[in-house]
There are 2 protein chains.
Amino acid sequence: MLELIAGKWTMLVLVALEDGRPMRFAELRRRLDGVTSKVLTQTLRALEREGLLIRHVYPTVPPCVEYRLTKLGEEVGGLVQSITDWSQANIAAIQVAREEFDERTTRRPAGSYGSEHRPTRSGDAPD
Amino acid sequence: MLELIAGKWTMLVLVALEDGRPMRFAELRRRLDGVTSKVLTQTLRALEREGLLIRHVYPTVPPCVEYRLTKLGEEVGGLVQSITDWSQANIAAIQVAREEFDERTTRRPAGSYGSEHRPTRSGDAPD
DNA sequence: CGGTATCCATCCCGATACTG
DNA sequence: CAGTATCGGGATGGATACCG
C-alpha cells in the first residue's frame, strides 16, 4: 500500500476522484495536468488492481471509460485528502523550516554538520 | 510534501518515531531493517529540512545522535499512521481484489481488455 | 557510532508515435 | 477517445569502502 501511494500521481488521482463523481480518462488527464496517458493508465491500473477503483467501459465507438472509487478507495482517498489538506494548511511553516535549514547548512563548511568531536566520554549521553 | 512522503522509507521513519520517543541512528536503522545508512541519512535530512524532525547531537566520542519528531512531524506522523493502520485492517480485502484482478486479466488475450468495439454510436454514452 | 564518498543497477517516468 | 508500444534519461536507492 505504501508503495502504491509512493507513485508520483497516485495520490492526485485519489484526491481527484474523492468526491465520488466518476470521471472519464481525458477529464482525469486534464485535471492532473502534466501526466501522460501512459503513466495515467499505469496509475489507474495499479489502483484498480488493489481494488481502490472501478473501471467501467461503455462499449461505444469511440470508447467511453469511466473511473470511480470503490468503498475501499474512498476510505484511502479520505486519508490522503487529510494529508493534502494538512500540507496546504502548513505550507508557511514548512517554508520557514526549509529556509532555516538551508541557511544553517549553507553557512558552515561541510564538515561541521556532525558533532564537533569535543573529546568527551560516552557517559555524557542520555540513557 | 507528497514528494517527500513518496520516498521509500519516509513513512516508516515517521511511524517509527510517532510515539514521541527520540531514537538514535542505529536504533532507527535496526527498526527499519534493510535501509542502508546512506539512505537513512538522506531520509532523515529531508524530514529535518521540512521541519518534521529534530536532530540532536551530543558531542561525545563516539558521537550520539538522537532524532525526534517536531510538533509538525507528529501531526504528519499521525496521518501516516492512520494510513498504515487502515492498510493493516484491509490487507485481506486488498489481497482478494488483487487476485480477482489478476485472474480477470491473465485469462483474456491482451487485446480484449478495452471496449469490445461494438459499432455503437457515441450517443449511447452517459452524460 | 554515525555518518560520507563513490560507483552502479534499476526503475520510474516522460516524450513520441501509433491504433481500434 | 482511450489507450498501447517503444525508447531513453534522470533520479532513487543499494553495495561497498572509508573516516572522525
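No hydrogens, no waters, no symmetry mates; every other heavy atom, side chains included, goes into these values. Below, read A as the first sequence line, B as the second, and so on, with proteins coming before strands; counting in each chain starts at 1.
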Euclidean distance, atom [atom1] of residue [X] to atom [atom2] of [N] [Å, nearest integer]:
X: Phe25(A); N: dT4(D); atom1: CZ; atom2: P; answer: 8 Å
X: Leu4(A); N: dC13(C); atom1: CG; atom2: P; answer: 11 Å
X: Leu28(B); N: dC1(C); atom1: CG; atom2: P; answer: 14 Å
X: Leu2(B); N: dC12(C); atom1: CG; atom2: P; answer: 18 Å
X: Gln42(B); N: dT4(C); atom1: CD; atom2: P; answer: 10 Å
X: Met23(A); N: dG3(D); atom1: CE; atom2: P; answer: 14 Å
X: Glu48(A); N: dG3(D); atom1: CD; atom2: P; answer: 10 Å
X: Trp9(A); N: dC13(C); atom1: CH2; atom2: P; answer: 10 Å

Common cluster, Met23(B)/Val57(B), ILVMFWY with side-chain heavy-atom separation under 4.5 Å: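 Yes, same cluster.
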Check this one for me: any side-chain N or O of [X] less than 4.0 Å away from OP1 or OP2 of [N]?
X: Arg24(A); N: dC1(D); result: no
X: Arg45(B); N: dG2(C); result: no
X: Arg55(A); N: dA2(D); result: no
X: Lys8(A); N: dG14(C); result: yes

Side-chain donor-acceptor distances from residues 32-43 of chain A under 3.5 Å, at least two apart:
unit_1: Thr36(A); atom_1: OG1; unit_2: Val39(A); atom_2: N; d: 3.4
unit_1: Thr41(A); atom_1: OG1; unit_2: Ser37(A); atom_2: O; d: 2.8
unit_1: Thr43(A); atom_1: OG1; unit_2: Val39(A); atom_2: O; d: 2.9

Pro63(A) side-chain proximity, nearest of dG14(C), dT4(C), dA2(D):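 Given the options dG14(C), dT4(C), dA2(D), the side chain of Pro63(A) is closest to dA2(D).
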Earlier contact from the 5' end, DNA chain C, for Glu27(B) and Thr36(A):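 The 5'-side residue here is Glu27(B).
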5′-ward residue of the pair Tyr67(B)/Gly7(A) relative to DNA chain C: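 Result: Tyr67(B).
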Nearest non-hydrogen partners of Glu66(A) and Pro22(A), listed with the distance: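 Closest approach of Glu66(A) to Pro22(A), heavy atoms only: OE1-CB, 3.9 Å.
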Upstream residue (5' side of DNA chain D) when Val65(A) and Lys38(A) are each assigned their closest nucleotide: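 Whichever sits nearer the 5' end wins; that is Val65(A).
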Carboxylate-amine/guanidinium contact Glu75(A) Lys71(A), below 4.0 Å: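 Yes, charged N to carboxylate O under 4.0 Å.
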Gap separating the CG atom of Leu12(A) from the CG atom of Leu14(A), nearest 0.5 angstrom: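 So the CG of Leu12(A) and the CG of Leu14(A) are separated by 9.5 Å.
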